[in-house]
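Letters go in sequence order (proteins before strands), and every chain restarts at 1. From a predicted model like this one, the values you see are computed outputs, not experimental measurements.
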2 protein chains.
Amino acid sequence: MLPRSRGDRPRPLPTLREGVTAPMVDNPDLSALLPTLRALCGEDGVIAEEAQRRTYDADGLTHHSAVPGAVVLPTTAEQVAEVVRLCAEHGVPFVPRGSGTGLSGGAMPHPEGVLIVTSRMRRILRVDIDNQYAVVEPGVFNLDVTRAAAPHGHYYAPDPSSQQVCSVGGNIAENSGGAHCLKYGFTVNHVLGMQVVTPDGSIVELGGTAAEQPGYDLMGAFIGSEGTLGIATRITVRLLPAPEKVRTLLAAFPSMDAGGSAVSAIIAAGVLPAAIEMMDALAIEAAEAAVHCDYPPGAGAVLIVELDGPASEVDAQFDAVTELCREAGAFEIRTASDAAERARVWKGRKSAFAAVGRISPAYIVQDGVVPRTALPEVLRGIAELSATTGIRVANVFHAGDGNLHPLVLFDHADSAAAERAAEVSGAILDLCIEHGGSITGEHGVGVDKACHMPRMFSPADLAAMERLRRAFDPAGLANPEKLLPTPRLCGERPGVRTEEHPLVASGEAELF
Amino acid sequence: MLPRSRGDRPRPLPTLREGVTAPMVDNPDLSALLPTLRALCGEDGVIAEEAQRRTYDADGLTHHSAVPGAVVLPTTAEQVAEVVRLCAEHGVPFVPRGSGTGLSGGAMPHPEGVLIVTSRMRRILRVDIDNQYAVVEPGVFNLDVTRAAAPHGHYYAPDPSSQQVCSVGGNIAENSGGAHCLKYGFTVNHVLGMQVVTPDGSIVELGGTAAEQPGYDLMGAFIGSEGTLGIATRITVRLLPAPEKVRTLLAAFPSMDAGGSAVSAIIAAGVLPAAIEMMDALAIEAAEAAVHCDYPPGAGAVLIVELDGPASEVDAQFDAVTELCREAGAFEIRTASDAAERARVWKGRKSAFAAVGRISPAYIVQDGVVPRTALPEVLRGIAELSATTGIRVANVFHAGDGNLHPLVLFDHADSAAAERAAEVSGAILDLCIEHGGSITGEHGVGVDKACHMPRMFSPADLAAMERLRRAFDPAGLANPEKLLPTPRLCGERPGVRTEEHPLVASGEAELF
């Protein structure tokens with residue numbers, strides 16, 4: 001987990017120097033491939049000039065970057081397959097990229113490899129309302145699926161905050177969630193079928209529109225595999241009927257403990273809200289400073305609860321939730337019934353990450369999960385970490401499913417503070433693991449947390465994952481050094497001792 | 001799909017001849033292992049005597065049978081791991097078995113292998129209502145999970161018809177569904193984590209109780225893998241709060257078309273019932289003959305719709321469903337509100353498979369899936385097949401998710417009729433595939449449909465699955481010849497031409 005500081009983005013787009021075509025690609029193997037890649041994807045489908053390649057050097061995790069050896073922008077599955085086949089044949093690594101909004105560096109390029117960008121594969125191929133699915137290309141923006149289904153009263157449920165620009169293919173790579181995954185689940189719960197290109201360049205169909213498929217469910221393994229098992233080239237997603245009614249409530253509590261007990265009471269009552277989001281005082285302060293969201297003053301915690309479904313159910317549950325919040329100590333409750341009011345309530349929450357820039361020159365966005373019942377204890381642990389290190393931590397999280405997004409604040413001009421912040425950030429992950437949780441809820445592992453994997457998984461667990469990876473990518477060319485720890489990447493760091501690496505014993509570790 | 005005829009079961013349990021210990025196991029490799037297996041699992045944990053082994057010769061697909069080389073009944077994960085490790089070391093095949101209720105022969109033994117039976121691993125290890133999960137051993141009966149959770153107002157959703165006796169481990173092997181999987185999904189949607197023994201004898205943890213896990217989702221691949229990737233030894237399942245209200249309605253229609261249009265109207269109205277079951281006239285006749293369920297006389301189709309959830313939602317939707325059924329032509333609608341009335345409505349449906357024995361000496365239970373909108377056309381196709389061949393077909397199905405269970409009736413004394421019935425049964429699968437469906441909805445592939453897989457999947461699709469299998473089971477010892485087609489098993493049958501077998505070209509096919 002490396003710091004993410006203000007001002008990293010946006011970088012200016014370098015001007016294309018027309019007519020300049022060489023010397024452009026440093027890797028001679030790759031240079032030799034360029035004419036074939038151009039014949040395949042067209043002149044405008046291959047980027048070799050360095051300044052242009054540089055614009056792709058990172059995804060949303062900007063502190064990990066590398067200029068890709070070459071960039072290709074295919075328009076068809078066949079082109080993707082052919083590019084991957086060429087890479088396999090010539091031993092060239094490849095990294096898939098959607099919109100580059102990922103927060104774990106899953107799309108960080110390989111300096112000697114090909115970056116395969118899906119931004120020219122943006123067609124919505126089919127919307128079948130009778131059977132409630134849509135078929136899309138991987139570069140399609142997440143929100144555009146809902147836009148295509150909305151005239152028919154349907155929508156696509158997974159809603160990462162970046163949904164206006166993130167791609168469905170990228171969502172698959174990271175198994176993206178969003179504020180509403182408490183009720184609706186993650187991307188994996190909404191994909192029915194996929195056409196994928198495997199690392200040998202084969203085109204394979206996984207899943208389908210039937211309720212159940214025989215054989216191995218490779219879709220589950222593929223979704224969240226961060227490009228290490230191949231590239232999705234056509235995706236069939238489930239569409240849901242838009243809920244009859246949506247109601248949103250904002251409740252202000254004197255403390256996080258009081259807010260937390262409201263969450264427990266709501267879940268214990270058998271209510272399953274579409275979303276339960278929580279922010280602490282520091283996050284509220286940041287949101288006020290940035291977007292003047294006008295949350296109730298003096299709140300130690302703010303809870304946003306959204307209910308959706310049939311009107312009769314929503315109304316009954318809304319009253320119950322309001323009452324439970326009051327019983328838990330809410331001193332102010334606001335309700336929103338129409339879209340404009342809902343937008344006001346959500347404004348502070350949705351701007352929270354960026355808003356933290358108003359109160360701190362730099363910050364780390366952490367992403368961890370704990371069982372819901374462990375939330376109070378973990379939050380107290382984070383507060384203690386903050387108190388003992390002097391590093392401020394703002395908490396914004398999906399309370400319903402225990403997905404924390406602590407924002408660890410520091411001044412990047414103070415290198416000692418930056419180091420302490422990174423330590424606090426890592427210690428928060430340890431807290432999550434100690435409480436039976438996970439090192440990532442929805443941002444993925446990527447390059448960011450690959451070395452953290454042995455904190456969660458035993459050598460046998462990791463060996464099982466590596467077996468799967470190697471089965472599809474024996475040469476280690478598909479997004480290498482992402483997702484799973486490697487001795488080269490993670491060295492002798494605690495928990496990743498080389499001698500314990502599951503494949504070292506058999507002399508096979510160099511493959512990854 | 002081979003015929004399943006009356007009278008196959010039950011077989012008398014042979015008496016244990018005390019003191020007889022040899023000669024009992026034919027495979028010399030296996031004989032040599034017996035002392036070690038006994039030291040490991042205890043005297044009563046190893047069955048070597050032939051008459052006793054014979055009682056395990058088939059699961060619910062009784063026409064495929066083989067006497068296992070040996071049977072072991074371990075009591076701990078460590079014993080399972082050690083048995084599997086011994087098998088790996090000595091090149092002995094192993095087949096896992098839960099309660100043996102499967103309908104696709106997934107637990108059919110290997111004559112030279114070890115059958116690993118989980119019936120002595122039946123402890124419910126934990127029920128955590130606050131975090132809504134239970135931890136169980138693989139031999140636990142499906143319904144016992146709900147029984148353990150019920151006092152706390154919770155239940156385990158997957159409900160195969162055999163839920164009183166089928167095991168959770170077996171449900172995982174087959175990714176079992178049930179009447180309520182329209183709303184609640186299959187086993188894969190309700191398992192949070194597993195401890196599994198992989199074919200090399202390693203103990204691996206998959207998933208966990210956190211909302212999301214980093215790394216590859218091997219759980220998805222494992223669930224439904226029919227023991228070919230290993231054996232689940234501890235399972236963490238999600239518990240759901242029992243719905244506030246359940247209401248069930250039985251509607252009688254003059255024809256299947258009318259019933260089908262009611263199903264379409266209900267789904268189009270955005271109602272998601274817990275179950276929508278449909279039976280045709282022949283299935284109703286059988287149920288009447290067997291259990292006198294007293295369904296409305298003269299019905300061409302009967303629809304059972306069950307709604308569950310918050311009372312306010314259920315009541316509102318119940319009225320809507322009643323109205324939609326009337327509009328579609330229902331001539332009689334009965335409603336059930338309490339458990340006793342519900343049981344009466346379900347009685348005919350639940351007894352349908354067995355009841356068919358009343359009107360036919362033998363029958364094949366087929367299991368296929370089609371997109372819901374293709375149901376009317378596929379049902380007409382089945383009627384045509386029946387008319388042209390003279391083979392009667394009774395239809396019982398989960399209408400909401402297009403999961404058909406045609407019962408193909410014949411007289412096993414007439415070998416020509418048996419052959420025609422098998423052909424009709426196969427042709428029904430072809431119909432399902434032609435309409436974008438699947439060759440199995442919930443009964444699995446096992447030995448029964450392995451040779452049908454190339455009808456649904458391309459060589460590249462199958463090669464991807466074989467890659468996964470081989471990664472975990474390079475020697476092909478884990479439940480061999482199940483799930484995926486092999487040249488030896490499927491020979492040169494149409495659709496399984498040996499030269500097209502994905503691994504034949506590389507000379508690797510003999511591994512499977």
Side-chain angles (χ1 to χ4, degrees), chain A residues 130-131 175 177 186 188 198 202-205 208-221 223-225 241 244 270 309-310 312-313 316-317 369-373 401-403 436-442 445 449 453 456-458 460-461 463-465 467-468 470-472 483-484, chain B residues 130-131 175 177 186 188 198 202-205 208-221 223-225 241 244 270 309-310 312-313 316-317 369-373 401-403 436-442 445 449 453 456-458 460-461 463-465 467-468 470-472 483-484:
Chain A
D130 285 343
N131 289 300
N175 189 21
F186 292 79
V188 71
T198 52
S202 301
I203 295 181
V204 171
E205 300 285 341
T209 53
E212 184 58 6
Q213 296 284 331
Y216 298 122
D217 177 14
L218 280 165
M219 276 221 306
I223 296 173
S225 68
E244 189 187 349
S312 54
E313 174 189 349
Q317 295 194 334
V369 184
V370 295
R372 199 169 45 236
T373 48
D401 47 10
N403 186 185
S438 159
I439 58 171
T440 172
E442 53 188 14
V445 176
K449 291 181 176 171
M453 292 286 276
M456 264 194 83
F457 297 103
S458 74
D461 298 347
M465 294 190 199
R467 253 172 236 295
L468 174 70
R470 173 188 312 228
F472 285 91
L483 192 64
L484 295 179
Chain B
D130 286 343
N131 289 299
N175 189 19
F186 292 79
V188 71
T198 53
S202 303
I203 296 181
V204 171
E205 299 286 339
T209 53
E212 184 58 8
Q213 296 284 331
Y216 297 122
D217 178 14
L218 280 165
M219 276 219 307
I223 296 173
S225 67
E244 188 186 350
S312 53
E313 174 190 350
Q317 294 193 336
V369 185
V370 295
R372 199 170 43 236
T373 49
D401 46 10
N403 187 184
S438 159
I439 58 171
T440 170
E442 50 187 16
V445 176
K449 290 181 177 171
M453 292 286 277
M456 266 195 84
F457 298 102
S458 75
D461 297 347
M465 294 188 200
R467 256 173 234 296
L468 174 70
R470 173 187 312 230
F472 285 91
L483 192 63
L484 296 179

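- Separating the CZ atom in B/R372 from the OG1 atom in A/T209 is a distance of 11.0 Å, to the nearest 0.5 Å.
- Contact of B/A464 with chain A is made through backbone and side chain together, with heavy-atom distances under 4.5 Å.
- Contact tally against chain B (heavy-atom pairs below 4.5 Å) for A/Q317, A/M453, A/E313, A/M456: the top residue is A/E313.
- Between atom CZ of residue A/F457 and atom CD of residue B/E205 there is a gap of 10.0 Å, rounded to the nearest 0.5 Å.
- With respect to chain B, the highest number of heavy-atom pairs below 4.5 Å among A/I439, A/T440, A/T198, A/I223 belongs to A/T440.
- Between chain A and the residues B/S202, B/G215, B/G437, the most heavy-atom pairs under 4.5 angstrom are made by B/G215.
- One distance of note links CG of A/L218 with CG of A/L468; it measures 7.5 Å at 0.5 Å rounding.
- Residue with the most contacts toward chain A among B/G270, B/G309, B/S458, B/G441: B/G441 (heavy-atom pairs, distance under 4.5 Å).
- Atoms CG and OH, from B/L484 and A/Y216 in turn, are 5.0 Å apart once rounded to the nearest 0.5 Å.
- In this view, B/N131 and A/T373, B/D128 satisfy the side-chain hydrogen bond (donor to acceptor under 3.5 Å, both in side chains) rule, not counting sequence neighbours.
- Atom CG in B/D217 sits 9.5 Å away from atom CE in A/M465 (nearest 0.5 Å).
- Contacts of B/P310 with chain A are made by side-chain atoms alone, with heavy-atom separations under 4.5 Å and no backbone atom involved.
- For chain B, the nearby part of A/A316 is the side chain; its heavy atoms alone come within less than 4.5 Å.
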